[in-house]
Colleague: 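Got a structure for you, questions after.
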Amino acid sequence: MKKNKDISMLHLSEQQIIRIKKLNQLKLLGINPYPSEEYCITTTIVNIQKKFTEKETVSIAGRLIRLRILGKASFGEIQDHTGRIQIYLTKNHFDSEKMGKEDSYNIFKKLIDIGDIIGVKGFLFKTKMNEMTIHVHRFTLLSKSLRPLPQVKMDQNKKIYDAFSNTEQRYRMRYVDLIVNDHVKEIFLKRTRIIREMRNFLDKKGYIEVDTPALQSIPGGAVARPFVTYHNSLGIPLYLRIANELYLKRLIIGGFHGVYEFSKNFRNEGMDKIHNPEFTVLELYVAYKDYYWMMKFTEELMKWIYNKIVQKKDILIEENKKINFQNPFPRIPILNAIKTHTGFDIKDMEEDDLRKVCKQLNIEENLKISKAKLIETIFEEKCEKHYINPTFIIDYPLEMSPLTKKHRHKKNLSERFELIINGQEIANAYSELNDPIDQLERFREQIKLSEKKTDESMFIDKDFIRALEFGMPPTAGIGIGIDRLVMLLTKQNSIQEVLFFPQMRPEPEK
RNA sequence: GACCUGAUAGCUCAGCUGGUAGAGCAUUACACUUUUAAUGUAAGGGUCCUGGGUUCGAAUCCCAGUCAGGUCACCA
């Protein structure tokens, strides 16, 4: 029997084996290491710290994250969802454990580990060092931890030592990351607040939050490679949505005046610092509006979020860059932006001349790419990075905007804008194309342009055309990349830092 | 997809031109009733990512692979 046990523990570390032994000893002592009963708390750690009252009795629960045993007394730190507080235990101050004071203290000293989840009851006092502390007279083990927690230490100057910093481990074991790295939790709390504030704003305006299918038989609304799956009882392939745009427009056709959705989209493409296979976009469509209105609206929304979240007067500082959200956001036609930053006036230029311009600008031009794509590339390579303060880049070439209305005055351009902040595209919006005949034509052109020789019937959403044929009011729509917005407002430069569980390859078996 | 960098104890890392594997924290034992990066003494803890090769001898050199990060490419 002993032999078996040894074999089963072969892959465990010394520290894990010790903890399992402690677990068994606790059981032998009649202590359930995983009790079911509700543990009654009277307050939270942050509340204790906010209104500290000497001698007040409190009961709290949380994870033991530090332990300093000094013989007949011990100090620890306990962490709940609101913060951390010091606890103090002494040999003579357990009042009601069955096994007597000394035994209780010894159990604490010998069988409780850093990482265990415990409940403590005691009274508040301040130590010589003026540290708010709970003098514990009863503790309850609520959950035994069987793996050692990384010990992140901080000195008096708040300098961090031995941080749990290996990115792979942090992402694979986000639960550990969240326990030991305070700033990580803050990023995610901020993410939640950003989304909540956006929702508040949109609700206040009277727009309706909706849900549309994530499983679609035609992946529309964007050009991207979808994830494919299969529905067994329907016997058909289904695609994870690459966008929800076409469904929201159907709802506008159905009579809603304004609809929005925080949509998880999926794209089966490359991954890097700003692309995860699944990501979140806020899409909003408002009837009887155009892209000028949407710019005003977007500016108002962004300022709202900024003021709610950042709460410093004007400026978000990032690597010596100052981003000012308070001034009006300038509106710059993309062709003007190109003229400003490259000196070339490419208005009305033909494709051959555009290629010459690319050459002079040292932009790799690829024969396959279209005229519109060339313009886009010039902008991305030479202009985008200059727009640090929020800026609307407007009036994109028509060809790259198949769902957008033709510009009411400007030839070959569309009524479209992107919001650029800190050199990054945060939002994309337009006056929605509502001419069904034009829309069908544009879909067809798009398929011709794409190099994938795809079956037209597969990628043209005929039901969407049918819906347009019933008549869609003039509509303005916008998509805001939530992950990138969160990155901006939390100063993170990797999308993985704003997703709880970024996509990873499965962990290799050891 | 290409290139570069990395993988060593639970965590963070050192390990030189190849010679039986190290530190700090964590763990265990002892001491310590106001510590807070607690302290002191002692001890234990390793598939050096995996698989080949070179060599008398490989954590170290070579090749292939796995995973991660970075740069670029692709990407509405």
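Order of the sequence lines sets the chain letters (A, B, ...), proteins ahead of strands, with each chain counted from 1.
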Colleague: For A:Thr53, enumerate each residue passing the side-chain contact (heavy atoms from CB on, under 4.5 Å) test, keeping only those at least two apart in sequence or located in another chain.
Modeller: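 Applying side-chain contact (heavy atoms from CB on, under 4.5 Å) to A:Thr53 gives A:Glu56.
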Colleague: How many Å lie between CZ on A:Arg267 and P on B:C75, as a whole number?
Modeller: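 Computing the A:Arg267:CZ to B:C75:P distance gives 13 Å.
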Colleague: Taking the P atom of each, how far is B:A59 from B:A9, in whole Å?
Modeller: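 14 Å, rounded to whole Å.
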Colleague: Provide, to the nearest angstrom, the distance between the CD atom belonging to A:Gln15 and the P atom belonging to B:C25.
Modeller: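 Distance, rounded to whole Å: 14 Å.
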Colleague: Taking only residues two or more places apart in sequence or in another chain, which ones pass side chain to side chain donor-acceptor pair (under 3.5 Å) with A:Tyr88?
Modeller: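 Result, side chain to side chain donor-acceptor pair (under 3.5 Å) vs A:Tyr88: none returned.
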Colleague: Give A:Lys158 one of three labels, base, sugar-phosphate or nothing, depending on what nucleic acid heavy atoms sit under 4.0 Å from its own.
Modeller: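 Touches nothing.
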Colleague: The criterion is side chain to side chain donor-acceptor pair (under 3.5 Å); which residues satisfy it with A:Asp483, sequence neighbours excluded?
Modeller: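 Checked A:Asp483 against side chain to side chain donor-acceptor pair (under 3.5 Å); matches are A:Arg191.
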Colleague: With a cut-off of less than 4.0 Å, is there a side-chain N or O of A:Gln496 near OP1 or OP2 of B:G69?
Modeller: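 For A:Gln496, the contact criterion (side-chain N or O under 4.0 Å from OP1 or OP2 of B:G69) is met.
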Colleague: Once side chain to side chain donor-acceptor pair (under 3.5 Å) is applied, do any residues pair with A:Ser145, and if so which ones, sequence neighbours excluded?
Modeller: A:Arg19
Colleague: At under 4.0 Å between heavy atoms, what does A:Asn428 touch on the DNA or RNA strands: base, sugar-phosphate, or nothing?
Modeller: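 No contact.
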Colleague: Would you measure the distance from the C1' atom in B:A64 across to the matching atom in B:C11 and give it in whole Å?
Modeller: 31 Å
Colleague: What's touching nucleotides 1-9 of chain B from the protein side, N or O pairs under 3.5 Å?
Modeller:
none

Colleague: Without decimals, in angstroms, what is the distance between A:Lys21 NZ and B:G44 C1'?
Modeller: 12 Å
Colleague: Report yes if some heavy atom in the side chain of A:Tyr396 is under 4.5 Å from a heavy atom in the side chain of A:Thr404; otherwise report no.
Modeller: no
Colleague: Determine the contact category for A:Gln16: base if any of its heavy atoms lies under 4.0 Å from a base atom, sugar-phosphate if only primed atoms, P, OP1 or OP2 are that close, otherwise nothing.
Modeller: nothing
Colleague: For a quick check of understanding: with a heavy-atom distance under 4.0 Å over all strands, which category does A:Lys273 fall into, base, sugar-phosphate or nothing?
Modeller: sugar-phosphate
Colleague: Using atom C1' in both nucleotides, what's the gap between B:A26 and B:G10 to the nearest angstrom?
Modeller: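 Those two atoms are separated by 7 Å.
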Colleague: How far does the P atom of B:C48 sit from the matching atom of B:U33, given to the nearest Å?
Modeller: 43 Å
Colleague: Could you check whether the side chain of A:Asp113 and the base of B:U27 have a donor-acceptor pair of N or O atoms closer than 3.5 Å, going by distance alone?
Modeller: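 Such a pair does not exist between side chain and base.
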Colleague: Could you measure between the two C1' atoms, the one in B:A21 and the one in B:C16, and give it in whole Å?
Modeller: 15 Å
Colleague: Mind calculating the distance between CG (A:Leu374) and P (B:A76) to the nearest angstrom?
Modeller: 14 Å
Colleague: Sticking with atom P, work out how far B:C62 lies from B:C4, rounded to a whole angstrom.
Modeller: 13 Å
Colleague: Expressed in angstrom and rounded to an integer, what is the separation of A:Glu399 atom CD from B:A76 atom C1'?
Modeller: 13 Å
Colleague: Just call it for A:Gln151: base, sugar-phosphate, or nothing, with non-hydrogen atoms closer than 4.0 Å on any strand.
Modeller: sugar-phosphate
Colleague: Where each residue is assigned the nucleotide of RNA chain B containing its nearest heavy atom, which of A:Lys109 and A:Glu425 is assigned the position nearer the 5′ end?
Modeller: A:Lys109
Colleague: Do A:Thr212 and A:Arg250 have side-chain N/O donor and acceptor atoms under 3.5 Å apart?
Modeller: no
Colleague: Applying salt bridge (charged side-chain N to carboxylate O under 4.0 Å, His left out) as the test, list every pair that has at least one member in residues 154-164 of chain A; sequence neighbours left out.
Modeller: none
Colleague: Over all strands shown, is A:Arg416 touching base, sugar-phosphate only, or nothing at heavy-atom distances under 4.0 angstrom?
Modeller: nothing
Colleague: Using a 4.0 Å cut-off on protein heavy atoms (strictly under), produce a 5'-to-3' string for nucleotides 34-43 of chain B with B for base contact, S for backbone-only sugar-phosphate contact, and - for none.
Modeller: BBBBB-----
Colleague: Would you indicate which nucleotide in B:U33, B:G45, B:G69 comes nearest to any side-chain atom of A:Asn92?
Modeller: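 Of the candidates, B:U33 comes closest.
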Colleague: Roughly, in whole Å, what's the span from NE2 in A:His275 to P in B:A76?
Modeller: 9 Å
Colleague: Which residues satisfy the side chain to side chain donor-acceptor pair (under 3.5 Å) test with A:Gln79, sequence neighbours excluded?
Modeller: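 Only A:Arg84 meet the side chain to side chain donor-acceptor pair (under 3.5 Å) criterion with A:Gln79.
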Colleague: Does A:Met294 reach the side chain of A:Ser431, with side-chain heavy atoms less than 4.5 Å apart?
Modeller: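 When only atoms from C-beta onward are counted, A:Ser431 and A:Met294 do not touch, as no gap falls below 4.5 Å.
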Colleague: Do A:Thr280 and A:Asn265 make a side-chain contact, defined as non-hydrogen atoms from C-beta onward lying under 4.5 Å apart?
Modeller: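 No, their side chains stay 4.5 Å or more apart.
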Colleague: Side chain of A:Arg172: nearest nucleotide among B:C75, B:C67, B:C30?
Modeller: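 Between B:C75, B:C67, B:C30, the one nearest the side chain of A:Arg172 would be B:C67.
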Colleague: Is A:Asp438 salt-bridged to A:Lys406, cutoff N-O under 4.0 Å?
Modeller: yes
Colleague: Please report the distance, rounded to the nearest Å, between CZ in A:Phe266 and C1' in B:C75.
Modeller: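 Checked: the CZ to C1' distance equals 18 Å.
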Colleague: Of all residues at least two apart in sequence or in a different chain, which pass the salt bridge (Lys or Arg N to Asp or Glu O under 4.0 Å) check with A:Glu278?
Modeller: A:Lys264
Colleague: So what does A:Ser401 hit on the nucleic acid, given a heavy-atom distance under 4.0 Å: a base, only sugar-phosphate, or nothing?
Modeller: nothing
Colleague: Select base, sugar-phosphate, or nothing to describe what A:Ala243 touches, counting heavy atoms under 4.0 Å on all strands.
Modeller: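 Nothing, no heavy atom under 4.0 Å.
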Colleague: Under a 3.5 Å cutoff on both atom distances, Watson-Crick or G-U, what's the dot-bracket for RNA chain B ([ ] crossing, | other strand)?
Modeller: (((((((..((((.....[..)))).(((((.......))))).....(((((..]....))))))))))))....
Colleague: B:U33 P sits how many Å from A:Phe108 CZ, rounded?
Modeller: 16 Å
Colleague: Sort and list the pairs that fulfil side chain to side chain donor-acceptor pair (under 3.5 Å) and have at least one residue in residues 109-121 of chain A, not counting sequence neighbours.
Modeller: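 Listed once each, the pairs are A:Lys22-A:Asp113, A:Asp113-A:Lys144, A:Asp116-A:Lys144.
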Colleague: Tell me, please, which residues at least two apart from A:Thr82 pass side-chain contact (heavy atoms from CB on, under 4.5 Å).
Modeller: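 If we apply the side-chain contact (heavy atoms from CB on, under 4.5 Å) test to A:Thr82, skipping adjacent residues, the hits are A:Thr44, A:Ile45, A:Val46, A:Asp80.
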Colleague: If I pick the C1' atom on B:G44 and the same atom on B:C30, what distance separates them, to the nearest angstrom?
Modeller: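 My reading of the C1' atoms in B:C30 and B:G44 gives 15 Å.
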Colleague: Sticking with atom P, work out how far B:G6 lies from B:A14, rounded to a whole angstrom.
Modeller: 11 Å
